[in-house]
Structure formats: C-alpha cells, structure tokens
Amino acid sequence: MKLVSMISLGCPKNLVESETILGLLAASGYAITPSLEDAELIIVNTCSFIRPAVKEALNAISYSSQFKKKGACRCLVVMGCLPQRYGPQLAELIPEVDVWLGVNAAPVLLGSLQKALAGEKVLNCPSPHREPDSGSPRLLTTPPSTAYLKIAEGCSHFCSYCLIPHLRGPLKSRPLEAIYREACQLAENGVKEIILVAQDTGSYGKDLFGSPSLNLVLKKLAQIPQLEWIRILYLNPTSLTPELVEVIKYETKICRYLDVPFQHANQEILRKMKRKGSLEEHLRLVDYLRSAFPDLTLRTTLMTGFPGENEHAFRELLSFVERAEFERLGVFPYYHEEGARSFRFPETVSWWEKKRRCRILLQLQREISRKKNRKLVGRELKVLIEKDLGNGVYLGRSFREAPEVDPKIIVKAKNLSPGNFAKVKITQAYTFDLAGIEVE
C-alpha cells in the first residue's frame, strides 16, 4: 500500500477528474492522505486556462517537488490542462516530475505509475479526444451532502479568447444512462445536492441526439427520490432552449439558479469573441428568464479589456449590468493567451485600464447586491447547513448560492447538523452575505 496525496487546482470540472483519479487509486490499493510530506505519490491536477492559472500550477509543482528531497515522495505526477498545453517543454524544464499526463488521464494513470516506479520518465499528452469517463469510482472531496456531476467533456464553440477546445477537444457528451447511474450512486451515498457541470453544459447531447438535450438529463435526475436540489452551472446564453426552460419551470428539484456567462454586451466585441448577441438581445433574454422564473437567481461572468473594447463598448457593458441587475456577478480582465484566436488581435487596453474597468463593474454590482439582499429580510429560506462554527453559529447556502463562488448564509440556531436542511428566517442583509435564525 502506498500513500497518495493530491493537489487539485482549477474549476469544479477539474475537481471531478481529481475525485475520479483518487477513487481509481483507492480501488487499486493506494491509501489517500492529506499530508504531502508523508505521501509516497504526489499528484498535481492543473489548470492553464489563463495566465494566473498557469502561475498557480507552476507554484504548486515547485512546492510539491520539495517533498522528493525532504519528504517520502518517490513519484511526482502532474496532470491536466498544463501538461496538455505545455507538456514537452515542461518535461525538459522540470526534471523533478516523473509523470506528465494530459486531460482525461484516468485510463492511462495506473500504467504510467508502474513505469515511473520502475524508474522510467513518462510523458503522455495525446490529442484530447478520449471519451469522457463513464464508470470509474469517485472519492468525493466535497461536503458529503453535495457533489459535482460532469455530464460532458470539451467544447465546440471555439470562442476566440478561449483555449478549452484546444486543451479539451470538441464536445463529447456522456451517455444519459451513465449520468443517471452515477447520480443514483451519489444519492444512495447521502448526496442531496447534485451540481451539473461541463465546459459547455447547455450543449449536452448535441453530439448524441443532434440537438441540445440537457432537458432529458434534468427530467431523468429529478426522478431520484433522495435528491433535493439539482443545480446547473455554465450555460451558454444560446443553450437556453424552450425545452430546457420548460423542464426547469416544472421540476421543483431544479434550483431556480442559472449561471449564464454572457462575457460582454457590445455587439462588435461579441462578434470578435465569436459569440452571439448584443446588449438588447441579452436584456431580452434576461427579461424572458425572469418572467419564466419569478424567483430566479441569475449569475453571469463578464470580461473587460478585450481587444477593441473602447469607452463606448465598456459603457454598454456597464449599462448591461445596471439594467440586468444580476444577483451574482464575476468579472475578470482579458488575458492575451498565445494559442487563442484572439491572440492575433493587437491589445488596445492597458492592464491598468482593464483592472480599473473591473473595479467599476464590481462596485456597481456591490450596490445591486446590497439592494437585492435587503429585500430578502423577513423571508424564510431552505438552507443546506455546511459548517458548524460553534456557539450556535452555522454557515449554509440556499438555492440562491452555489458552493465556492457565491456568498454564505450565517445561521443562528440551537442544534443543527452539517449536511441537513433547515428553515431559516433572514434577519440581516450585508453587501453579499445574509444572516438569519432557524425557524422551529
């Protein structure tokens, strides 16, 4: 038996892959430990979507390599998007790493470890066209009541700023029955909230059935009695079909929470991004969604400083945020990434100006969030308790909050257990967080 420790970086989609790797290793006789110093095998699952992710991954690799000198580590494995993007160059620059694996590494992991433990260096980063894993066991690292469920791999949109299709390949949807089986297993093990993820969640099934079919997944999962919440992340605006809206409207287990990354609102910038829409088209979609779901929590992600974003384009983006009044908003500056199609556009916005525009958008969002939160005072919400802080204080989430990316609800109560639901009356509203008391 060998001790294994893992560092998992990046998004929930990467986390699912990490959990699959840990499950595979545990089933093969390895023991999992949180201690890097004690581990004989260290795995770093990386992201390289933008420059900060590359820097974070390199720092994690550098940190982990120290344990080959002063710890028990005999084998250092780096997998995921970073090797997929830079594998051959990195293998020369960082000889401390024994195994470099690209994305969807589970099928080749055990064989690669055998070679490495026999003294062989391994570089296995082929074209990212492997079929998505459909049956490997997973070792969950999320709270026991919540789990991510990856329903597809890759993306076929080819937005000009994005490297995902190059790193992950085109859309490859998992079979519906495989998704259902995994969801049933998760529910039988105590999971009450399933969060559907993919690089392009809303396009699920386009490669299998000829048209987007996320509505079929939702209908199937809603039949699982133990599940109480089904949450959807990463919906391209173009994927909100009438069929999808209809099933969300009538299946009560589906959270009235939609994560729709609009990226921008200026039509010319969207065209250069290879995305559809305009300010008015986006606003019509927001109005349509709010009409369909009166209690909707709407999250989006926006980008500032894309090549060609002049003051007029930015003002349109600012107007979009002001008029749409999103409940949740993420903003990040454009990174000029080599390999992306947008790399051929000359940069027209300085780094300082990109950051300034981010701050302006976030300040506006703070005002919107504060106003919306105040309206929730006095309302009762069903809250999933996640953490006991002691002295009768707990942290939790309602349908309005996704894990990691959204605020929390601070709950005062006599005796609650993490992993269970509680009815909470909201008594205080902050800029982002809420506070309340348990209702008996």
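Worth saying up front: this structure is predicted, and the values here are computed from it rather than measured.
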> Between the side chain of Ser369 and the main-chain N/O of Thr431, is any donor-acceptor distance below 3.5 Å?
Replying inline: yes
> For residues 224-239, which residue pairs qualify under salt bridge (charged side-chain N to carboxylate O under 4.0 Å, His left out), counting only residues two or more places apart or in two chains?
Replying inline: Glu193-Arg231, Glu228-Lys382
>> With heavy-atom distances below 4.5 Å as the criterion, would you say the side chains of Leu176 and Tyr180 are in contact?
In response: no
>> side-chain contact (heavy atoms from CB on, under 4.5 Å), that's the test. Do Lys276 and Leu270 meet it? Break it down for me.
In response: CA-CA 6 Å; Lys276 297 179 180 179; Leu270 287 165; over 6 Å; no
>> Just by distance, no angles: are the side chains of Asn45 and Ser18 close enough, under 3.5 Å, to form a donor-acceptor pair?
In response: yes
>> Looking at every heavy atom in both Leu395 and Lys408, which two are closest together, and how far apart are they?
In response: CD2-CB, 4.1 Å
> Taking only residues two or more places apart in sequence, or in another chain, which ones meet Gln428 in a side-chain hydrogen bond (donor to acceptor under 3.5 Å, both in side chains)?
Replying inline: Tyr430
>> Suppose we screen for salt bridge (Lys or Arg N to Asp or Glu O under 4.0 Å). Which residues come up paired with Lys412, at least two apart in sequence or across chains?
In response: none
> Do Lys172 side-chain atoms and Pro170 backbone N/O form a donor-acceptor pair below 3.5 Å?
Replying inline: yes
> Hey, does Ile385 have a side-chain heavy atom less than 4.5 Å from the side chain of Val411?
Replying inline: yes
> So how far is it from Asn266 CG to Arg271 CZ, rounded to the nearest 0.5 Å?
Replying inline: 10.5 Å
>> Using 0.5 Å steps for rounding, measure from the OG1 atom of Thr252 to the NZ atom of Lys249.
In response: 15.0 Å
>> Once salt bridge (Lys or Arg N to Asp or Glu O under 4.0 Å) is applied, do any residues pair with Asp200, and if so which ones, sequence neighbours excluded?
In response: none
>> Within the 4.5 Å heavy-atom criterion, are Pro237 and Arg275 side-chain neighbours or not?
In response: yes
> Under 3.5 Å, is there a donor-acceptor pair between the side chain of Arg397 and the main chain of Glu401?
Replying inline: yes
>> Does this structure show an ion pair linking Glu153 with Lys13, if we count only N-O contacts that are shorter than 4.0 Å?
In response: no
> Residues two or more places apart in sequence or in another chain: which of them pass ring pair (Phe, Tyr, Trp, His ring centres under 6.0 Å) with Phe432?
Replying inline: none
> Does Arg323 reach the main-chain N or O of Leu283 with its side chain, forming a donor-acceptor pair under 3.5 Å?
Replying inline: no
> Does a salt bridge link Asp406 with Arg299, judged by any charged N lying under 4.0 Å from a carboxylate O?
Replying inline: yes
>> Looking at Glu440 and Lys414, is there a salt bridge between them, counting it only when a charged N and a carboxylate O are closer than 4.0 Å?
In response: no
>> Run the side-chain contact (heavy atoms from CB on, under 4.5 Å) test against Ala265 and tell me which residues pass, sequence neighbours left out.
In response: Leu279, His282, Leu317, Phe320
> Which is it for Lys115 and Asp98 under the salt bridge (charged side-chain N to carboxylate O under 4.0 Å, His left out) test, yes or no, and what are the steps along the way?
Replying inline: CA-CA 10 Å; Lys115 293 178 181 178; Asp98 301 289; over 6 Å; no
>> Parallel, tilted or perpendicular, judged at 30° and 60°: which one describes the rings of Phe326 and Phe262?
In response: tilted
>> Is there a side-chain contact between Thr241 and Leu244 in this structure, where contact means two heavy atoms from C-beta onward sitting under 4.5 Å apart?
In response: yes
>> With a 3.5 Å distance limit and no angle check, can you tell me whether Thr300 reaches the backbone of Leu329 through a side-chain donor-acceptor pair?
In response: no
>> Between Glu327 and Arg290 (salt bridge meaning N to carboxylate O under 4.0 Å), is one present in this structure?
In response: yes
> Does Ser398 reach the side chain of Ile409, with side-chain heavy atoms less than 4.5 Å apart?
Replying inline: yes
>> For the CD atom on Glu380, are there more than 12 heavy atoms of other groups (residues, nucleotides or ligands in this structure) within a distance under 6.0 Å?
In response: yes
> Under the ring pair (Phe, Tyr, Trp, His ring centres under 6.0 Å) test, which residues partner Tyr234, sequence neighbours left out?
Replying inline: none
>> Would you say that Glu19 contacts Leu139 through its side chain, given a criterion of any heavy-atom pair below 4.5 Å between the two side chains?
In response: no
> Short question: side chain of Asp38, backbone of Ala72 - any donor-acceptor pair under 3.5 Å?
Replying inline: no
> Does one side chain, of Asp207 or Ser173, offer a donor that lies under 3.5 Å from an acceptor on the other?
Replying inline: yes
>> Please enumerate all residues that pass side-chain contact (heavy atoms from CB on, under 4.5 Å) together with Ile368, with sequence neighbours excluded.
In response: Val321, Glu325, Leu364, Gln365, Lys372
> So Asn14 and Val16, side-chain contact (heavy atoms from CB on, under 4.5 Å) or not? Walk me through it.
Replying inline: CA-CA 5 Å; Asn14 227 31; Val16 172; over 6 Å; no
What donor-acceptor contacts under 3.5 angstrom involve side-chain atoms of residues 213-225, with partners at least two apart or in another chain?
residue, atom, partner, partner atom, Å
Ser213, OG, Ser211, O, 2.8
Lys220, NZ, Glu177, OE2, 3.4

> Side-chain donor-acceptor pair under 3.5 Å between Ser342 and Ser160, yes or no?
Replying inline: no
>> Checking the side chain of Arg328 only, and the main-chain atoms of Thr297 only, is there a donor and an acceptor separated by less than 3.5 Å?
In response: no
>> Would you say CD of Gln267 has more than 12 non-hydrogen atoms from neighbouring residues, nucleotides or ligands within 6.0 angstrom?
In response: no
>> What's the separation between atom OG1 in Thr301 and atom NE2 in His264, rounded to the nearest 0.5 Å?
In response: 13.5 Å
> Considering residues at least two apart in sequence or located in another chain, which fulfil the salt bridge (Lys or Arg N to Asp or Glu O under 4.0 Å) criterion with Arg374?
Replying inline: none
>> A side-chain contact here means heavy atoms from C-beta on lying under 4.5 Å apart; do Ile410 and Val393 qualify?
In response: yes
> Within a radius of less than 6.0 Å around OH of Tyr63, do more than 12 heavy atoms belonging to other residues, nucleotides or ligands occur?
Replying inline: no
> So does Lys206 have more than 12 non-hydrogen atoms from other groups sitting under 6.0 Å from NZ?
Replying inline: no
>> Which heavy atom of Glu281 sits nearest to which heavy atom of Gly277, and what is that distance?
In response: OE1-CA, 2.9 Å
> Just wondering, do Ile232 and Asp259 contact through their side chains at under 4.5 Å, heavy atoms?
Replying inline: no
>> Tell me if the centroids of the rings in Phe421 and Trp229 come within less than 6.0 Å of each other.
In response: yes
Under 3.5 Å, which donor-acceptor pairs link side chains of residues 51-59 to any protein atom two or more places apart or in another chain?
residue, atom, partner, partner atom, Å
Arg51, NH2, His336, O, 3.2
Asn59, ND2, Lys55, O, 3.4

> Looking at residues at least two apart in the chain, or sitting in another chain, which of them share a salt bridge (Lys or Arg N to Asp or Glu O under 4.0 Å) with Arg357?
Replying inline: Glu309, Glu311, Glu353
>> Please confirm whether the ring centroid of Tyr257 lies under 6.0 Å from the ring centroid of Phe399.
In response: no
> Should the heavy atoms of other residues, nucleotides or ligands under 6.0 Å from CD of Glu404 be counted, would the total exceed 12?
Replying inline: no
>> When you measure from the side chain of Ser28 to the backbone of Leu24, do you find a donor-acceptor pair of N or O atoms at a distance under 3.5 Å?
In response: yes
> Are the side chain of Thr304 and the backbone of Lys354 linked by a donor-acceptor contact shorter than 3.5 Å?
Replying inline: yes
> So which heavy atom on Ile151 is nearest to which on Ala198, and how close?
Replying inline: CG1-CB, 4.2 Å
> Which distance, rounded to the nearest 0.5 Å, do you find between the CD of Glu17 and the SG of Cys11?
Replying inline: 9.5 Å
> Quick one: does Ser5's side chain have a donor or acceptor within less than 3.5 Å of a partner on Ala39's backbone?
Replying inline: no
